[in-house]
Amino acid sequence: MRYEGPSSSLSRKINPWPVDESQKWVLMVTAQTPTNIAVIKYWGKRDEKLILPVNDSISVTLDPEHLCTTTTVSVSPAFTQDRMWLNGEEISLSGGRFQSCLREIRSRACDVHDKEKGIKITKKDWDKLHVHIASYNNFPTAAGLASSAAGFACLVFALGKLMNVNEDQSQLSAIARQGSGSACRSLYGGFVKWIMGKDEKGTDSLAVQLADEKHWDELVIIIAVVSSRQKETSSTTGMRDTVETSLLLQHRAKEVVPKRILKMEEAIRNRDFASFAQLTCTDSNQFHAVCLDTCPPIFYMNDTSHRIISLVEKWNRSEGTPQVAYTFDAGPNAVMIARDRKTATLLLQKLLYTFPPNSDADLNSFVLGDKSILKDAGINALEDIEALPPPSEIKGQKYRGDVSYFICTRPGRGPVLLSDETQFLLNPETGLPK
């Protein structure tokens with residue numbers, strides 16, 4: 001590890017603790033990574049430590065403009081320990097999953113030479129250098145919107161860039177998987193498959209891209225955030241209980257999912273929305289049936305979740321062909337995928353009529369993301385929601401305040417590096433949160 005000075009060819013070895021000005025440099029990388037929503041679910045591990053799943057899964061990456069994690073990672077000889085801040089609060093890095101990701105990335109680190117700053121770091125230096133990490137989610141953490149997936153994917157992607165790791169996205173996904181299973185699917189945009197693999201060490205349990213975000217770009221996604229509270233049963237605990245007690249999970253993993261994966265790949269390849277919707281809804285419902293089949297039973301959905309399912313099912317049946325797919329992860333929030341923008345506009349009207357905001361709400365914070373769909377739906381103010389005609393599917397009942405807010409989004413790209421320093425979460429001079 002050498003500090004040459006911006007205009008000096010002189011260099012010298014640096015101790016890992018600061019003793020003079022030459023050791024106060026900070027090297028920094030900032031990345032942005034999307035979250036994803038599984039349409040064929042991952043639920044259950046065959047190896048808890050390595051996070052190896054009992055079945056393959058397929059997901060859609062969501063547009064990071066609306067749902068993403070931003071992570072800044074930095075290194076400096078002035079840092080005395082690894083530290084991390086999540087959404088402004090310092091958190092412990094002592095957990096096994098963080099340590100796994102840090103260890104795996106450090107073991108693959110290569111030489112780094114920043115000519116502009118006059119910094120050289122050798123492969124061996126990374127073992128004694130410490131990192132600072134700051135991460136921010138622009139959506140609720142631990143509420144069933146895959147915040148840990150985006151978070152660990154972003155951590156691994158950013159550290160990989162900082163340490164000049166020469167692995168492709170698929171290999172990086174196998175590292176992100178050790179932080180959070182579904183994180184491996186956030187290393188790609190579009191439609192992504194997590195291959196469960198067969199190797200007991202997990203070398204072949206990684207993500208591959210089935211199609212990029214432009215492949216089926218007419219799809220529109222509306223998320224109903226029913227609750228942003230942390231769930232009562234964490235995914236980790238829930239999966240462990242399911243694997244130990246549910247016979248339905250064993251049947252699902254062995255008999256059902258392998259066939260569904262093949263059908264879903266074909267539906268995505270052919271942009272066959274009817275098949276895509278039928279598979280997505282059915283798999284979501286079976287996942288929650290497996291949760292009910294667990295001892296003790298796990299309840300992730302609530303009455304509002306069930307009302308949303310009922311609305312979509314009745315509309316799809318009345319049209320004779322699926323208009324909207326729904327899927328729920330480990331939480332009550334509904335992710336609805338509409339076949340096109342016109343359908344999404346009608347869906348939003350039905351949802352806003354059925355689940356209007358409280359009277360003191362602000363429209364701007366009740367519908368987030370791509371707000372242009374609001375205009376297509378003829379909604380410019382709260383009064384326009386009250387004037388909406390009742391959907392025939394639900395007999396005009398209203399459940400005011402039962403949905404906290406909606407997010408309008410679409411399939412999106414994979415991780416990217418950010419070069420705008422105003423978006424960095426750590427101070428470039430000190431490596432501490434801004």
Side-chain angles (χ1 to χ4, degrees), residues 1-31 33 49-50 71-84 93-135 152-179 183-184 187 199 201-207 415-419 424 426 428 430-431:
M1 174 174 53
R2 297 143 73 92
Y3 179 81
E4 297 170 348
S7 59
S8 169
S9 59
L10 293 172
S11 57
R12 57 197 152 101
K13 204 75 177 167
I14 294 174
N15 295 322
W17 289 274
V19 290
D20 60 39
E21 286 301 309
S22 70
Q23 294 167 31
K24 291 188 178 176
W25 58 262
V26 177
L27 205 57
M28 193 171 288
V29 164
T30 299
T33 302
K49 189 164 184 283
L50 293 174
T71 299
T72 298
V73 293
S74 62
V75 63
S76 172
F79 300 165
T80 57
Q81 60 179 348
D82 294 338
R83 296 176 72 185
M84 181 170 180
L93 278 172
S94 62
R97 295 184 175 197
F98 283 117
Q99 289 303 313
S100 291
C101 290
L102 286 165
R103 183 181 63 252
E104 293 292 328
I105 287 286
R106 276 191 172 114
S107 72
R108 292 165 173 79
C110 295
D111 294 355
V112 171
H113 186 192
D114 187 316
K115 290 179 182 174
E116 194 180 317
K117 290 191 174 182
I119 297 165
K120 274 189 179 177
I121 304 172
T122 68
K123 184 177 171 65
K124 287 182 181 175
D125 289 327
W126 287 110
D127 288 337
K128 56 182 180 283
L129 282 166
H130 294 287
V131 292
H132 283 185
I133 303 157
S135 199
F152 276 104
C154 206
L155 175 70
V156 167
F157 180 78
L159 285 172
K161 295 296 183 187
L162 180 72
M163 299 184 185
N164 195 24
V165 171
N166 297 319
E167 303 274 353
D168 63 22
Q169 294 295 82
S170 217
Q171 294 302 320
L172 280 180
S173 79
I175 300 172
R177 184 204 76 229
Q178 295 177 55
C184 70
L187 266 298
D199 177 34
K201 291 181 181 174
T203 56
D204 56 353
S205 182
L206 37 76
V416 294
L417 287 177
L418 302 179
S419 55
F424 289 13
L426 295 171
T430 65

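The basis for the numbers below is simple: all heavy atoms, side chains too, and nothing from hydrogens, waters or symmetry mates. Just so you know, these numbers come straight off a predicted model, no measurement behind them.
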Colleague: Applying side-chain contact (heavy atoms from CB on, under 4.5 Å) to Leu27 and Ile121, what does each step give before you reach the verdict?
Modeller: CA-CA 10 Å; Leu27 205 57; Ile121 304 172; 4.0 Å; yes
Colleague: CG of Asp125 to CE of Met163: how many Å apart, nearest 0.5 Å?
Modeller: 11.5 Å
Colleague: Sub-3.5 Å donor-acceptor pair from the side chain of Ser76 to the main-chain atoms of Trp25, do we have one?
Modeller: yes
Colleague: Quick one: does Lys120's side chain have a donor or acceptor within less than 3.5 Å of a partner on His113's backbone?
Modeller: no
Colleague: So, Asp114 side chain and Ile119 main chain: donor-acceptor pair closer than 3.5 Å or not?
Modeller: no
Colleague: Output yes when a side-chain donor or acceptor of Arg108 lies under 3.5 Å from a complementary backbone atom of Glu167, and no otherwise.
Modeller: no
Colleague: Can you tell me how far apart CG (Leu172) and NZ (Lys161) are? Round to the nearest 0.5 Å.
Modeller: 8.0 Å
Colleague: So, taking the atom named OG1 in Thr30 and the one named CZ in Phe424, what distance separates them when rounded to the nearest 0.5 Å?
Modeller: 4.0 Å
Colleague: Determine yes or no for a side-chain-to-main-chain donor-acceptor pair under 3.5 angstrom, with Ser170 supplying the side chain and Ala207 the backbone.
Modeller: yes
Colleague: Main chain of His130, side chain of Gln81: is a donor-acceptor contact present, judged purely on distance under 3.5 Å?
Modeller: no
Colleague: Sub-3.5 Å donor-acceptor pair from the side chain of Trp126 to the main-chain atoms of Ser107, do we have one?
Modeller: no
Colleague: Closer than 3.5 angstrom, by distance alone: can the side chain of Arg97 be matched with the main-chain N or O of Phe152 as a donor-acceptor pair?
Modeller: no
Colleague: Roughly how far, to the nearest 0.5 Å, is CG of Leu187 from CZ of Phe157?
Modeller: 8.0 Å
Colleague: Looking only at atom types and distance, does a side-chain atom of Asp82 sit under 3.5 Å from a main-chain N or O of Val131, one as donor and one as acceptor?
Modeller: yes
